Enquirer: 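This is the structure I have questions about; it appears just below.
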Amino acid sequence: MGWGHGRAARTWMCDGTHMQPGYSSLLAALAQHRRMKALFVLLLAQLCSASLVPEREKDPEYWRRQAQETLRNALRLQRLNQNVAKNLILFLGDGMGVSTVTAARILKGQLQHGQGEESLLEMDKFPFVALAKTYNTNAQVPDSAGTATAYLCGVKANEGTLGVSAGVTRDRCNTTKGQEVTSILRWAKEAGKAVGIVTTTRVTHATPSAAYAHSANRDWYSDGEMPPDALEGGCKDIARQLVENIPDIEVILGGGRKYMYPKNVTDVEYPHEEKHRGTRLDGRNLVQAWKEAKPHGKVAEYVWRRRELLALNLSRVDFLLGLFEPGDMVYELDRNNETDPSLSEMVSVAIKMLQKNPRGFFLLVEGGRIDHGHHEGKAKQALHEAVELDRAIGLASRLTSAQDTLSVVTADHSHVFTFGGYTPRGNPICGLAPMQSDVDRKPFTSILYGNGPGYKIVAGERENVSAVDFAHADYQAQSAVPLRQETHGGEDVAVFARGPMAHLLHGVHEQNYIPHAMAYAACIGSNRGHCNAAPRPTTPLLLPVLGLLLLLLC
């Protein structure tokens with residue numbers, strides 16, 4: 001059998017999606033015999049492993065030069081950017097733990113026809129990195145509401161509660177009064193900045209709602225989801241709070257139409273689907289209420305289709321509400337390009353809108369469906385969501401300047417997601433490990449979950465993955481424990497920072513520290529004593545100058 005030569009040969013040999021027709025047909029034929037297919041894939045991995053090292057990496061000088069350049073860049077960072085941050089952008093990858101970041105990096109590289117491991121995410125280019133401890137006040141492994149309260153409001157809280165202190169018990173409306181805490185979005189608005197929210201979930205979901213709402217239950221999206229005692233106790237649903245609490249949010253983009261309309265009102269995009277109908281019991285049209293709450297003479301635009309969003313003349317728009325799905329937005333891999341914008345497209349519009357304010361802006365950007373992909377055991381969906389978030393980060397970097405914009409990328413929590421199995425360099429991230437189990441003698445995918453819906457027993461044994469399409473977007477990776485929904489993980493998450501005062505994010509922090517550091521950098525919120533002093537110096541710290549000069553001469 002002739003296997004070809006060079007990188008191109010390795011591409012089709014090691015990744016079934018890039019095989020030349022002849023070998024693709026061979027694999028298809030072997031697929032009729034499930035065990036033969038598995039053995040064939042394992043054989044390919046073994047044959048590939050010896051030729052996966054790029055020629056340049058065999059030279060020790062390649063690694064030495066790379067390390068020296070990294071060292072020079074690190075030494076330059078001792079000249080700290082201590083400017084006041086005019087703009088703040090917080091990118092939140094919901095469920096984007098470190099293992100997800102690494103796997104997304106590999107996927108990004110492989111989508112660009114590289115091996116993957118050597119590629120860089122946009123967030124990888126941020127010079128300062130920290131870890132955040134994600135536990136809630138009453139939970140070792142957190143949920144997205146308690147964590148959102150931490151990284152947006154600066155206060156840790158109980159799981160399932162939004163924009164309130166730990167004095168509030170989940171579901172207990174009567175514990176809420178007097179326990180409300182405000183977010184960095186509100187601090188920015190009070191300082192005269194423009195503010196915006198962009199998400200791939202519903203705009204009333206846990207992450208975005210902590211920016212404007214106070215709720216004893218994250219699931220109270222509309223009054224139709226609230227129990228009678230909460231309604232009688234005077235608690236407001238989250239959609240109503242979106243319209244009423246901070247009525248002058250300049251940009252709100254995401255999903256969640258059905259929570260804005262009266263019960264049983266048909267959806268504009270899915271008129272025949274009952275599950276997409278309005279849910280409100282109070283009969284209010286909150287989209288109309290949002291428009292009516294704007295000051296006289298200001299232009300407030302509501303859109304629900306991609307083409308309407310991209311056709312807007314932003315110079316003539318003061319407030320923008322875009323709700324592109326009845327619930328959460330569609331996964332990026334399944335997105336309809338005609339009706340739904342990508343996260344990158346929404347971020348581009350948001351930044352251009354917010355930049356009109358001469359005092360700057362605060363923007364919250366959530367890649368919210370990374371989390372959903374993991375919960376469903378659909379790793380491929382989750383990783384493509386993470387790659388799209390990274391694409392949005394790169395776009396935002398090009399539209400702003402690190403001299404006056406502090407950008408922070410982090411996650412609310414991790415997941416019980418992992419990949420391993422001694423895969424060779426360049427192994428498709430959603431592919432098989434190059435070995436069989438030495439217990440049940442069956443192949444397994446590199447990606448696995450600690451628990452979740454991918455637990456399957458066939459004829460009393462672990463399912464043979466060679467009998468299924470494990471490269472499909474909706475394939476549910478195998479898990480160790482059967483659950484209808486995979487769970488969050490409890491380990492620390494990464495925090496990447498670039499821009500003014502980014503060095504304040506370093507080491508290991510409590511998650512609630514993040515908005516305090518960002519507010520300090522922008523001179524907003526309560527911690528502003530330093531802002532009235534002389535301009536902050538940008539001269540270097542004490543450096544080993546001689547050592548630096550010698551290094552540069554080497």
Side-chain angles (χ1 to χ4, degrees), residues 6-18 45 48-49 51-59 62-74 91 93 95-129 332-333 342-344 347 367 370 373-374 379-398 402 407 409-411 414 417-434 445-447 471 473 493-498:
R7 175 73 186 110
R10 289 198 299 272
T11 298
W12 58 251
M13 187 168 69
C14 301
D15 181 351
T17 63
H18 294 97
C48 289
S49 61
S51 59
L52 287 176
V53 181
E55 281 301 314
R56 66 180 184 178
E57 294 184 13
K58 296 177 182 178
D59 182 359
Y62 167 78
W63 297 106
R64 293 182 184 127
R65 286 192 301 269
Q66 184 191 75
Q68 292 298 307
E69 178 61 24
T70 302
L71 182 56
R72 283 190 286 270
N73 290 336
F91 296 95
M96 192 177 68
V98 172
S99 58
T100 300
V101 171
T102 307
R105 178 190 304 129
I106 294 171
L107 175 61
K108 176 182 178 180
Q110 293 179 347
L111 290 172
Q112 296 172 344
H113 308 295
Q115 290 173 306
E117 297 84 2
E118 72 291 340
S119 68
L120 284 175
L121 292 168
E122 295 296 331
M123 66 187 87
D124 292 336
K125 302 172 187 177
F126 284 29
F128 296 95
V129 182
E332 177 63 20
L333 278 177
S342 67
L343 180 60
S344 298
V347 167
I370 301 169
H374 281 322
K380 190 169 187 176
Q381 295 282 15
L383 295 181
H384 277 268
E385 292 294 307
V387 170
E388 174 59 23
L389 172 63
D390 194 66
R391 190 175 294 117
I393 293 168
L395 175 63
S397 296
R398 294 189 293 274
S407 298
V409 182
T410 189
S414 185
F417 162 86
T418 188
F419 66 99
Y422 301 115
T423 46
R425 179 78 176 269
N427 199 74
I429 191 61
C430 295
L432 290 176
T445 54
S446 173
I447 287 174
V493 296
V495 185
F496 306 85
R498 176 171 61 190

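These numbers come from a predicted model, not from an experiment. In what follows, every heavy atom counts, from backbone to side chain, and hydrogens, waters and symmetry copies are set aside.
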Enquirer: Can you check side chain to side chain contact (heavy atoms under 4.5 Å, CB included) on S397 and K125, steps first, answer last?
Expert: CA-CA 11 Å; S397 296; K125 302 172 187 177; over 6 Å; no

Enquirer: If you define the side chain from C-beta out and look only at heavy atoms, does anything of V493 sit under 4.5 Å from M96?
Expert: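 They are not in contact (no side-chain heavy atoms under 4.5 Å apart), so the answer is no.
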
Enquirer: Show the nearest heavy-atom pair for residues T410 and A494, with the distance to one decimal.
Expert: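 Minimum heavy-atom separation between T410 and A494: OG1-O, 2.9 Å.
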
Enquirer: Around atom OH of Y422, are there more than 12 heavy atoms from other residues, nucleotides or ligands closer than 6.0 Å?
Expert: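 Not buried by this count: 12 neighbours or fewer within 6.0 Å.
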
Enquirer: Flag the pair I106 / S119 as yes when at least one side-chain heavy-atom distance between them is below 4.5 Å, and no otherwise.
Expert: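 A side-chain contact is absent here, since even the closest heavy-atom pair is not under 4.5 Å.
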
Enquirer: Considering only heavy atoms from C-beta outward, does the side chain of L343 approach that of F91 to under 4.5 Å?
Expert: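 They are not in contact (no side-chain heavy atoms under 4.5 Å apart), so the answer is no.
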
Enquirer: Could you tell me whether the side chains of E332 and S342 share a donor-acceptor contact shorter than 3.5 Å?
Expert: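 Per modelled atom types, E332 and S342 side chains form no pair under 3.5 Å.
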
Enquirer: Just so I know, are the side chains of L121 and F496 near enough to count as touching, which here means a heavy-atom distance under 4.5 Å?
Expert: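 Heavy-atom side-chain distance check fails, nothing below 4.5 Å.
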
Enquirer: Does the side chain of E385 come within less than 4.5 Å of H374's, by heavy atoms?
Expert: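 The answer is no; the side chains never approach within 4.5 Å.
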
Enquirer: Is any side-chain heavy atom of L395 closer than 4.5 Å to one of R391?
Expert: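 In short, these two side chains do not touch, never coming nearer than 4.5 Å.
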
Enquirer: For the residue pair C430 and I447, establish whether any side-chain heavy-atom pair is separated by less than 4.5 Å.
Expert: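 Result yes, sub-4.5 Å side-chain heavy-atom pair found.
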
Enquirer: Can R425 and E118 be counted as an ion pair, charged N to O under 4.0 angstrom?
Expert: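 The answer is yes: the pair qualifies as a salt bridge.
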
